Amino acid sequence: ANLTYNFFIRVERIFFNKLIQNDDDKVLGQLIDLLPAHEKNELKSYRPDSINNFLHIAVLKGVVKVIDVLTNPNIVGIDVNSVNYYQETALMIALKIGNLEVVEELIKNGADVNLTINEGQSILMLALINGKLEIAKKLIEVVENVNHEDIYGITALMLASRKGYLEVVKELIKKNV
């Protein structure tokens with residue numbers, strides 16, 4: 001156990017340095033290839049800061065290329081829809097910080113765009129509540145039901161209208177709301 005703990009401390013330092021410096025997915029992949037199978041498996045659920053796994057941290061740092069490495073089942077295999085201590089998925093985190101490029105990468109890697117939170121709000125509604133209009137427009141393209149209602153009967157169209165997000169209202173209408 002002590003060997004594994006020391007190993008994670010070393011990997012964590014290298015991993016963070018690579019993430020912060022240059023989002024080097026190739027070096028990260030090579031580093032992970034050196035790990036024994038049981039330690040690769042432990043990377044899936046390991047939370048270096050006790051709150052977020054490596055995928056959540058990559059999203060917080062705004063790095064894109066390593067998302068493929070982290071979510072690829074043949075490399076690390078972190079579930080793209082895994083939640084952190086606060087029950088937030090990587091997509092929710094990316095949406096809150098407003099990183100469209102990371103949102104698109106997560107969607108490409110299978111992030112669930114149709115999940116609901118809190119009082120039944122959809123991810124699209126969360127984007128509107130947080131004023132992330134470009135992300136909202138992207139979500140309109142990919143969600144199954146843009147007419148989803150929360151527990152109060154509020155829809156994305158209602159939110160966009162109330163907040164004066166005319167471009168989003170137009171996109172929702174185009175999608176035949």
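All values reported here derive from a predicted model rather than from experimental measurement.
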Shared hydrophobic cluster for [X] and [Y] (ILVMFWY, side-chain gaps under 4.5 Å):
X: Val83; Y: Leu60; value: no
X: Ile154; Y: Leu124; value: yes
X: Ile117; Y: Ile135; value: yes
X: Ile129; Y: Ile97; value: no

side-chain contact (heavy atoms from CB on, under 4.5 Å), that's the test. Do Met92 and Leu115 meet it? Break it down for me.
CA-CA 10 Å; Met92 290 175 186; Leu115 61 86; 3.3 Å; yes

About how many Å separate [atom2] of [Y] and [atom1] of [X], when rounded to the nearest 0.5 Å?
X: Thr155; Y: Glu149; atom1: OG1; atom2: CD; value: 7.0 Å
X: Lys61; Y: His56; atom1: NZ; atom2: NE2; value: 15.0 Å
X: Asn109; Y: Ile78; atom1: CG; atom2: CD1; value: 11.5 Å

Residue that, paired with Val113, satisfies side-chain contact (heavy atoms from CB on, under 4.5 Å) out of Leu91, Leu106, Val103:
Leu91

Walk me through it: do Asn99 and Val59 pass the test side-chain contact (heavy atoms from CB on, under 4.5 Å)?
CA-CA 9 Å; Asn99 193 323; Val59 168; over 6 Å; no

Is Val76 close to Thr71 at the side-chain level, that is, under 4.5 Å between some pair of heavy atoms?
no

Under a 3.5 Å distance rule, please check whether [X] uses its side chain to pair with a backbone N or O of [Y] as donor and acceptor.
X: Asn145; Y: Asn147; result: yes
X: His148; Y: Thr116; result: no
X: Asn81; Y: Asp112; result: yes

Residues which pass side-chain hydrogen bond (donor to acceptor under 3.5 Å, both in side chains) with [X], listed by chain and number, not counting sequence neighbours:
X: Asn84; answer: Asn52, Glu88
X: Asp150; answer: none
X: Gln121; answer: none
X: Thr89; answer: none

When you look at Leu139 and Val146, which way does the side-chain contact (heavy atoms from CB on, under 4.5 Å) test go after all the steps?
CA-CA 9 Å; Leu139 291 170; Val146 294; over 6 Å; no

Could you name each residue pair satisfying salt bridge (Lys or Arg N to Asp or Glu O under 4.0 Å) that touches [range], not counting sequence neighbours?
range: residues 69-82; value: none
range: residues 101-111; value: Asp68-Lys108, Glu105-Lys108
range: residues 119-129; value: none

Please give the remaining members of the hydrophobic cluster of Ile51, linking ILVMFWY side chains under 4.5 Å, ordered by chain and number.
Tyr85, Tyr86

Test salt bridge (charged side-chain N to carboxylate O under 4.0 Å, His left out) applied to Glu141 - qualifying residues, sequence neighbours left out:
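Lys138.
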
Dump the intermediate steps for side-chain contact (heavy atoms from CB on, under 4.5 Å) on Asn114 and Ile123, then the final yes or no.
CA-CA 7 Å; Asn114 297 302; Ile123 292 293; over 6 Å; no

Going by atom types alone, do Ser82 and Asn53 pair a side-chain donor with an acceptor below 3.5 Å?
yes

Exercise answer: donor-acceptor pairs, residues 160-167 side-chain atoms, under 3.5 Å, sequence neighbours excluded:
{"unit_1": "Ser161", "atom_1": "OG", "unit_2": "Leu157", "atom_2": "O", "d": "2.8"}
{"unit_1": "Glu167", "atom_1": "OE1", "unit_2": "Lys137", "atom_2": "NZ", "d": "2.3"}

